[in-house]
Amino acid sequence: MALTRAQVENIAHLARLELEAAEIPQFQQNLSRIVDFIGELERADTAGVAPMAHPLPGLAQRLRPDEVTERDEHELYQRNAPQVASGLYLVPKVIE
Amino acid sequence: MIHRQTLTQLAADLRTRKVGSVELVRAFLARIEASQPALNAFVSITAEQALAAAEAADRALAAGRGGALEGVPIGHKDLFCTAGVRTTCGSRMLENFISPYDATVVARLKAAGAVMLGKLNMDEFAMGSSNETSHFGPVRNPWNTALVPGGSSGGSAAAVAARLVPAATATDTGGSIRQPAAFCGVTGIKPTYGRVSRYGMIAFASSLDQGGVIAASAEDAARVLREMAGFDPRDSTSVDAPVPDYLAGLDAPLAGVRIGLLKEFFDKGLDPHYERCVREALAVFERLGASLREVSLPNIPLSVPVYYVVAPAECSSNLARYDGVRFGHRCAEARDLEDLYKRSRSEGFGAEVKRRIMTGTYVLSAGYYDAYYLKAQRVRRLIAGDFERAFGEVDLLMGPTTPTAAFALGAKTADPITMYLNDIYTISANLAGLPAMSVPCGFAAGLPVGLQIIGPHFAEQRLLHAAHRFQLETDWHLRIPGEYA
């Protein structure tokens with residue numbers, strides 16, 4: 001199935017990516033190939049087969065006791081932030 | 001020459017003070033420096049920290065103390081977080097990211113006394129099969145630098161093949177340990193999903209990612225894996241089960257072991273020279289007393305399409321965290337928040353990562369979720385069921401690791417599907433969460449060939465045992481590329 005240019009632009013927007021106009025045809029072509037390729041799955045007979053979300057049979061995600069185990073280390077973690085002031089992450093103004 | 005020693009031998013020599021850790025670290029660092037222009041296996045070399053750690057290891061060893069890997073030099077794939085050391089994941093997005101903490105794997109190997117020499121190059125965010133998607137340039141294959149080392153753990157495999165480190169950590173989401181191990185002629189093991197903690201391992205596809213080891217031999221891999229594996233409360237998918245001593249029983253006879261030949265892996269896509277090496281390896285197992293029989297897993301041919309739904313879906317969700325706000329690359333002079341997100345991500349990610357994020361976004365979007373994502377999860381269960389039935393009849397499954405030996409740089413970059421099909425024999429083990437290895441088993445037209453061994457859940461010991469017995473009979477794993485021998 002060939003994806004249209006508009007579809008590719010919409011997917012990019014949903015993924016919060018900005019594609020340059022010149023790269024769009026390449027992504028359009030690659031993604032159309034990928035969508036065709038995964039379309040093969042349609043042929044598989046999966047009637048009555050439950051989706052498999054965890055690779056180990058019978059194991060559910062573990063829960064931990066609701067206890068505080070970590071220290072507040074926001075200063076350490078914020079050292080990697082592009083812009084911080086008074087312990088807060090800074091972003092462009094959201095509300096006018 | 002010191003670099004030709006196995007990790008097992010080096011660990012013993014360190015213990016008896018036949019060699020010092022500082023001496024070893026200096027020798028391997030010199031090899032790394034010398035190899036960088038040709039191989040580019042490392043993104044960061046941590047010489048200063050390594051020498052300090054080696055001095056501490058020598059003091060511990062002199063006092064008769066120290067862990068199982070005390071003083072042994074290793075490298076970490078640059079996807080494992082290392083406190084205070086840059087962790088890039090092969091991406092511009094994390095070019096300047098200094099991890100505030102150690103991954104559990106890093107912490108455990110440190111506690112065992114291993115000395116990190118640096119961080120190994122890889123495909124960007126582990127998305128690639130040739131190491132060509134790294135922001136830091138491709139790694140080259142030490143057997144022939146016109147060829148790729150495989151990926152995504154290409155730096156780990158090339159470094160061990162050229163004996164720049166005796167062993168390296170690596171990760172495998174669809175073949176990223178086994179395929180480069182095969183291409184570079186070294187031994188790699190991807191453990192059972194949940195066996196090795198994913199804490200501090202930068203996430204790509206959370207239901208498939210698993211950390212493991214690349215080393216020169218199965219015995220060396222067992223020695224490292226023994227220190228890495230085990231329950232970690234910080235990883236909610238870590239399995240709380242005892243870890244057997246992977247070194248115990250390695251020498252036991254193989255008589256009576258039932259080996260299944262994966263029929264679908266010996267298809268028309270398999271290179272005939274490659275196939276000959278794999279069949280000769282299987283004959284060695286037969287001579288060792290194992291029995292061979294063909295086993296068919298009918299749903300296996302659907303592994304690659306299932307993977308290219310599940311992995312991109314999980315990737316698009318995992319990589320949503322890179323928003324230019326809390327860490328990672330941020331674009332200059334953003335107009336508003338959406339512009340900040342979009343341009344930071346577009347500048348920070350390379351083309352392959354963008355393709356995977358977009359594929360994942362597409363298969364998870366309204367109207368397509370059932371047709372692609374749920375359908376893929378159903379087929380995933382069929383594939384897992386095929387393995388379960390097979391392991392009712394045999395103890396291990398064997399086949400080739402890849403359809404061909406290493407290919408040339410640039411040969412498969414034009415079409416993503418051509419690149420994806422390179423993982424056709426490795427992906428199914430990730431989908432089913434099974435442990436799997438690649439073991440050097442010969443040379444096709446002068447290039448290394450990998451034998452793949454797959455076992456049931458938590459049968460790492462069985463895999464390592466079979467591989468070790470094979471390596472007692474053969475010397476493929478001891479071959480070192482001429483320039484590095």
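Please read all numbers here as calculations on a predicted model, not as lab measurements. First the proteins, then the strands, lettered A, B, ... as listed; each starts at 1.
By the 4.0 Å N-to-carboxylate-O rule, B:Arg234 lies close enough to A:Glu70 to be salt-bridged with it.
For a residue to count as touching a neighbouring chain, one of its non-hydrogen atoms must lie under 4.5 Å from one of that chain's; by this rule B:Glu388 does not touch chain A. At a 4.5 Å heavy-atom cutoff, B:Phe387 makes no contact with chain A through either its backbone or its side chain. Within the 4.5 angstrom heavy-atom criterion, atoms from both the backbone and the side chain of B:Leu302 approach chain A. Heavy atoms closer than 4.5 Å to chain A are found in the side chain of B:Ala384, but not in its backbone. Only the side chain of A:Phe27 comes within less than 4.5 Å of a heavy atom in chain B; its backbone stays farther off. With a threshold of 4.5 angstrom between heavy atoms, B:Asp240 does not approach chain A through any atom at all. Neither the backbone nor the side chain of A:Arg64 has a heavy atom closer than 4.5 Å to any heavy atom of chain B. Heavy-atom distances place both the backbone and the side chain of B:Ser236 under 4.5 Å from chain A. Interface residue A:Leu3: only side-chain heavy atoms are found under 4.5 Å from chain B. Interface remark: B:Thr192 contributes side-chain atoms only to the contact with chain A (heavy atom separation under 4.5 Å). At a 4.5 Å heavy-atom cutoff, A:Asn10 makes no contact with chain B through either its backbone or its side chain. Heavy-atom distances place the side chain of B:Leu421, and not its backbone, under 4.5 Å from chain A. There is no contact between B:Tyr373 and chain A, counting heavy-atom distances below 4.5 Å. Only the backbone of A:Glu42 has a heavy atom closer than 4.5 Å to any heavy atom of chain B. Using a 4.5 Å cut-off between heavy atoms, A:Val8 contacts chain B through both its backbone and its side chain. Contacts of B:Tyr368 with chain A are made by side-chain atoms alone, with heavy-atom separations under 4.5 Å and no backbone atom involved. With a 4.5 angstrom heavy-atom cutoff, A:Val94 touches chain B only via side-chain atoms. Looking at B:Val239, the atoms closer than 4.5 Å to chain A (heavy atoms on both sides) all sit in the side chain, from C-beta outward.
Atom-to-atom distance recorded for B:Lys354:NZ and A:Leu31:CG is 12.0 Å, nearest 0.5 angstrom. With rounding to the nearest 0.5 Å, the separation of CD1 in A:Ile11 from OG1 in B:Thr359 is 8.0 Å. Note: B:Phe327 CZ to A:Tyr77 OH = 12.0 Å, rounded to the nearest 0.5 Å. Note that CZ of A:Arg16 and CG of B:Leu337 are 9.5 Å apart. Values are rounded to the nearest 0.5 Å. Separation of atoms CZ (B:Arg355) and CD1 (A:Ile34) is listed at 6.5 Å; rounding is to 0.5 Å.
A donor-acceptor pair under 3.5 Å links the side-chain atoms of B:Arg381 to the main chain of A:Pro51, judged by distance alone. The backbone N or O of B:Arg378 sits nowhere less than 3.5 Å from a side-chain atom of A:Thr46 that would complete a donor-acceptor pair. Remark: the backbone N or O of B:Ser238 is paired with a side-chain donor or acceptor of A:Arg62 at under 3.5 angstrom. Listed for the A:Asn80 side chain is no donor-acceptor partner under 3.5 Å among the backbone atoms of B:Ser99. The main-chain N or O of A:Ala44 is found under 3.5 Å from a side-chain atom of B:Lys375 such that the two form a donor-acceptor pair.
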Kindly indicate, with the supporting measurements, whether the criterion side chain to side chain contact (heavy atoms under 4.5 Å, CB included) is fulfilled by B:Phe458 and A:Leu56. CA-CA 10 Å; B:Phe458 302 106; A:Leu56 297 180; 4.0 Å; yes
With side chain to side chain contact (heavy atoms under 4.5 Å, CB included) as the test, would you mind laying out the steps for B:Ile383 and A:Met52 before giving the verdict? CA-CA 10 Å; B:Ile383 293 167; A:Met52 176 173 165; over 6 Å; no
Evaluate the side chain to side chain contact (heavy atoms under 4.5 Å, CB included) criterion for residues B:Arg330 and A:Val91: first the C-alpha distance (whole Å), next the side-chain angles of each, then the deciding distance (0.1 Å), finally the verdict. CA-CA 10 Å; B:Arg330 169 179 274 195; A:Val91 295; 4.0 Å; yes
Test side chain to side chain contact (heavy atoms under 4.5 Å, CB included) applied to B:Glu338 and A:His13, step by step: CA-CA 10 Å; B:Glu338 185 169 303; A:His13 168 69; 3.5 Å; yes
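Residues B:Ile98 and A:Arg79 form no side-chain contact, since every pair of their non-hydrogen atoms from C-beta on lies 4.5 Å or further apart. Counting heavy atoms from C-beta outward, B:Arg326 and A:Gln78 have side chains that stay 4.5 Å or more apart. The shortest distance between side-chain heavy atoms of A:Val49 and B:Gln377 does not fall below 4.5 Å. Looking at heavy atoms from C-beta onward, A:Leu41 lies out of side-chain contact with B:Tyr372 at the 4.5 angstrom threshold. Inter-residue side-chain proximity for A:Leu14 and B:Tyr362 is flagged as unmet; no heavy-atom pair is nearer than 4.5 Å. The shortest side-chain heavy-atom distance between B:Asp336 and A:Lys93 does not fall under the 4.5 Å cut-off. With contacts defined as side-chain heavy-atom distances shorter than 4.5 Å, the pair B:Tyr341/A:Leu17 does not qualify.
Within 6.0 Å of CD on A:Glu20 lie no more than 12 heavy atoms contributed by other residues, nucleotides or ligands.
Here B:Phe231 is the residue among B:Tyr101, B:Phe231, B:Tyr308 with the most heavy-atom pairs under 4.5 Å with chain A. Ranked by heavy-atom pairs under 4.5 Å with chain A, the first of B:Val304, B:Asn299, B:Leu208 is B:Val304. For the set B:Val310, B:Leu431, B:Asp415, the entry with the most heavy-atom pairs within less than 4.5 Å of chain A is B:Asp415. If you tally non-hydrogen atom pairs under 4.5 Å between each of B:Ala334, B:Gly433, B:Ser346 and chain A, the highest count goes to B:Ser346. Chosen from B:Leu382, B:Val379, B:Leu340, B:Val325, the residue pairing most often with chain A at heavy-atom distances under 4.5 Å is B:Val325.
Shown here for A:Pro55 and B:Ser207, the closest heavy-atom pair between the two residues is CG-O, 3.3 Å.
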